[in-house]
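Structure first, then comments.
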Amino acid sequence: MNLRIHDTLSRKKIDFQPLVAGKVGIYACGPTVYDFLHVGNGRQQVAYDVMFRHLRARGFDVTYVRNITDVDDKIINRAREIGEDPATLAERFTQEFHTDVDALGCLEPTHEPRVTDSIEQIIALCEKLIANGVAYASHGDVYFSVKDLPSYGALSGQPLDQLESGARVEVDTEKKRAPLDFALWKAAKPGEPSWPSPWGAGRPGWHIECSVMAERYLGQSFDIHGGGVDLIFPHHENERAQSIGANGEGTFARVWTHNGFLNFGGGKISKSDASMKILFKRAFKIRAVIERHGGEPLRYFFMTTQYRNPLAYDLVIDGEDPATATLRFPGLEDAERRCEYAYLTMERLRDQLAVGKPAGDGAVAPEAEGWLGRLQEGLDDDFNTAEALAAWNEALQLANRILDGKLDAPKDVRRRTLERLARDFRVASDELGLAAAEPRGWLDAHRARRCALLGIDAAEVEATIVRRNEARKQKNFAEADAIRATLAAKNIEIMDTPAGTRWRVA
Ligand SMILES: [Zn+2]
């Protein structure tokens, strides 16, 4: 086993060696809970869930920490806008976040700390940084002094002088010694949530929480830090500065990972703020996308591209009014078909193996031997889910070929191969977070979503199928075929199985 991970700091793919043999600590920045998740946030959640699952499958004892930012400017501003208490708003969107990541098939992290539970440790870290000479108090705020940390800028690859020339002049300049210095602690403004501190009432700056929570749950040094590529600067640069400023060079994350952007294309709707806002709700709010296509297809779609690469979220917009234009996501529709195919395969396989006796030990078809290894090697190569899905789909095709009677092999070999595939599918399914639900339940929910989207009346289809089966029973095959053709014209495909007639929306 040779696990390779791309490290943002050294800009290289490295051979991964954990700090402590057999254990891995991951810290990934979690959401600021002021609104529903958007599709880009969802991609990050799935990327780190895959990492978590694969490292566990490789036998590591993984501690995965994902924080919740429950006090922040965005939360305070949003709460003021809609007249809600900031803590209530944060709690509400924490619940919504959990609903969405569950639908995406993400496992619960080992720890999910909240900023408001770590205030005491945040104040202690500010004090330590002041004592170490890399931070200073000013007008009730505390700032990190970037010029006092020589390696500042190393993560984002920007030397300090370059960063300084690009820095915008901010409102707080009179309180700061240098424009790039950033707030560790902010003095309370009227009406904002605040906590007592040695510098007066205030609240934490954005970056310090992650330094504190990573150390609290993973120690001063740990294996993998993660987040979206948009977090490299300033957030991760500043997290790194704080932790190194407190504990010394060589501490904090040993490998830095970042998932890529989501590029969206298509459509002739103007990119004005107002129309983008409406479009955002319809096209980028995860909840809306899940209601339309399901959570698992969205997960699958994210996994079609290795996590570091940009992912094309192509949108076909038919119409000019963002509120009423028909939206289509070809990538998601394809992912839906792939997920349905996987569940149909699992169902067929289960039905087939439910009859007859187990084949016992012996040879299996050689095609069934290598795919699970290839899937895991794909994930070993910097969690390349695209490679893993290729192996997964190959195996699904093989299972269907055997179920269709198209594999030229003795009966016991065919049976044994199906048994082997069923076993390996469970391993792969657990590792990928795909096709793990009960097949019929998933397929029925999927069909209901498709019917709703295409305006198909499921009860009417069921009644038509009853009529067809009556015709067949009376050996009126012409009538039965005519009914099948009528349904096919409406994109309804029917399948006669040992468990009865089933149907799907094609
Ligand atoms: Zn963070």
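Values reported hereafter were calculated over all heavy atoms of this structure, with side chains retained and with hydrogens, waters and symmetry mates removed. Counting starts at 1 for both ligands and their atoms, following the listed order.
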Metal-centred angle, the Zn ion (ligand 1) as apex - NE2 of His235, SG of Cys210, 10° resolution: 110°

The Zn ion (ligand 1) to nearest N/O/S of Cys29 below 2.8 Å: yes

Glu209 near the Zn ion (ligand 1) via N/O/S, less than 2.8 Å: no

Heavy-atom side-chain proximity of Ile26 to Leu55 below 4.5 angstrom: yes

N, O or S from His207 under 2.8 Å to the Zn ion (ligand 1): no

Proximity of Phe144 and Tyr136 rings by center, below 6.0 Å: no

Any donor-acceptor N or O pair under 3.5 Å, side chains Asp334, Tyr300: no

Ser194 and Glu192: side chain donor to acceptor below 3.5 Å: no

Tyr307 and Asp382 side chains, donor-acceptor separation under 3.5 Å: yes

Glu239: its N/O/S atom lying closest to the Zn ion (ligand 1) (atom name): OE2

